Amino acid sequence: MFTLLLLLLSLLLSHTSFAQILVGGFKPVDHVDPHVVEIARYAVDTYNKKAHANLKFVTVVNAESQIVQGTNYRLNFTVLNGRVTQTYETLVFEGLKGQRGVRNKVGGFKLVDPRDPHIVEIGRFAVDQYNKQAHKSLVFKSVIQAQVQIVNGRNYKVTIRVADGGTYEALVYEALNGQKTLNKPFKAVVSIPGGYLPADPNDPHIVDTGRYAVDEYNKRTHMDLKFVNVIKAETQVVSGVNYRLVVTARNKNDQVQPYVAVVLERAWESYRNLTSFNPLVQ
């Protein structure tokens, strides 16, 4: 009887341990474990290849794993971006056969649905905090564009419309514990004719969009242009974002020529479409 009770207790403990792995998802793992460090290096290397960046991996500061059909690794780690040390968070899936994939982007901002309730909450917070700090009385109306960056927490870059018709940009940091901070500047956006606003032509996402425009044009016209760079960029908030880019591309005669491309993107739907691509008339 005593032996039977020990056996039942052993089975119960085994079942409880197994349940703890599945229920609640992630559990802490050793952040200096060589395999965990290897996973973090993989995440940084993958980002550098996709974004043509040069982040240098430093160390893992926190690590968790989740058993699925394979393993999810949720990692916080530091990198060197030039001479600046930065902390990022990423999620990497490793399959049962060792195959890997980064499930969210390391560094950089990614467009998200501005209608998402949490994004709306971020927008309201930004307006409320600005009103308190600047003794203003702006009335929040909507978020018209939103981007998120995974760091040690999240940065939200939001474009906000207020009740008087004005448009403002804000940067809000949300820590892992949910605490929010409005980072300056909270500034008015001055529209230019046509509704387009200047953007950084060297931004990794802008460069990726320019490369997409050239590749898509080649597919549709059976041309063989080679993307070189983006020399000017503008964005326009619509139902998504229009990117109006001046890109340069090399033709089969080895001549580099400028083109104007317009790409519509709704990132939260994984939708991207080249709407026009024409030689730049100078």
Side-chain angles (χ1 to χ4, degrees), residues 6-7 9-113 116 118 147-157 172-181 203-205 207-208 211-212 267-268 270:
L6 285 178
L7 179 60
L9 180 60
S10 174
L11 288 172
L12 178 62
L13 288 174
S14 297
H15 177 74
T16 302
S17 176
F18 181 69
Q20 285 174 341
I21 292 175
L22 294 178
V23 178
F26 286 90
K27 64 185 183 73
V29 293
D30 185 359
H31 68 280
V32 297
D33 180 275
H35 188 67
V36 171
V37 173
E38 180 189 339
I39 294 290
R41 288 187 184 278
Y42 163 80
V44 175
D45 291 344
T46 300
Y47 171 72
N48 284 339
K49 289 175 184 176
K50 289 184 177 180
H52 306 287
N54 193 31
L55 300 181
K56 303 291 186 184
F57 172 79
V58 178
T59 187
V60 180
V61 295
N62 187 59
E64 298 174 310
S65 68
Q66 179 191 41
I67 304 301
V68 286
Q69 193 171 353
T71 306
N72 282 324
Y73 291 91
R74 185 163 61 196
L75 309 175
N76 292 90
F77 53 87
T78 57
V79 299
L80 277 176
N81 187 359
R83 296 183 179 179
V84 180
T85 300
Q86 297 174 321
T87 303
Y88 294 100
E89 177 185 283
T90 193
L91 181 66
V92 176
F93 170 74
E94 185 174 47
L96 298 175
K97 296 181 179 180
Q99 71 275 25
R100 294 173 184 159
V102 177
R103 290 193 164 180
N104 63 2
K105 189 177 178 180
V106 180
F109 281 90
K110 178 182 178 180
L111 286 165
V112 293
D113 187 352
D116 181 273
H118 188 67
Q147 302 175 68
V148 63
Q149 178 191 40
I150 305 298
V151 289
N152 189 20
R154 292 172 185 261
N155 282 323
Y156 293 91
K157 190 185 295 182
V172 174
Y173 170 71
E174 185 176 38
L176 296 174
N177 63 5
Q179 184 176 354
K180 303 180 186 71
T181 305
D203 179 274
H205 187 70
V207 173
D208 180 64
R211 193 184 304 276
Y212 160 82
W268 56 92
S270 299

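These numbers were taken from a predicted model, which means no experiment stands behind them.
Between Glu174 and Arg154 there is no salt bridge, since no side-chain N of the basic residue sits under 4.0 Å from a carboxylate O of the acidic one.
Contact check for Val37 versus Phe77: no side-chain heavy atoms found under the 4.5 Å cut-off. The shortest side-chain heavy-atom distance between His31 and Val61 does not fall under the 4.5 Å cut-off. For the pair Lys180/Tyr156, no side-chain contact is recorded, criterion being any heavy-atom separation below 4.5 Å from C-beta on.
By the side-chain hydrogen bond (donor to acceptor under 3.5 Å, both in side chains) test, Asp33 pairs with no residue at all, sequence neighbours left out. Taking the side chain to side chain contact (heavy atoms under 4.5 Å, CB included) definition, one finds that Asp203 meets it with Asp200, His205, Ile206, sequence neighbours left out. For the salt bridge (Lys or Arg N to Asp or Glu O under 4.0 Å) test, no residue two or more places apart in sequence or in another chain qualifies with Asp45. Asn54 is linked by a side-chain hydrogen bond (donor to acceptor under 3.5 Å, both in side chains) to Lys56, counting only residues two or more places apart in sequence or in another chain. With sequence neighbours left out, Arg100 forms a side-chain hydrogen bond (donor to acceptor under 3.5 Å, both in side chains) with Glu38, Glu94. Remark: Asp30 engages no residue in a side-chain hydrogen bond (donor to acceptor under 3.5 Å, both in side chains) (not counting sequence neighbours).
The distance from atom CD of Gln99 to atom CZ of Phe93, rounded to the nearest 0.5 Å, is 6.0 Å. Atom-to-atom distance recorded for Phe57:CZ and Thr78:OG1 is 7.0 Å, nearest 0.5 angstrom. The CG atom of Leu96 sits 7.5 Å away from the OG1 atom of Thr71 when rounded to the nearest 0.5 Å. Here OG1 of Thr181 is found 10.0 Å from CG of Asn155. Values are rounded to the nearest 0.5 Å. If you take CZ on Arg41 and CG on Leu75, they are separated by 13.0 Å, rounding to the nearest 0.5 Å. The line from OH of Tyr42 to OG1 of Thr90 is 9.5 Å long, rounded to the nearest 0.5 Å.
When all heavy atoms of Val36 and Ala63 are compared, the closest pair comes out as CG1-CB, 3.7 Å.
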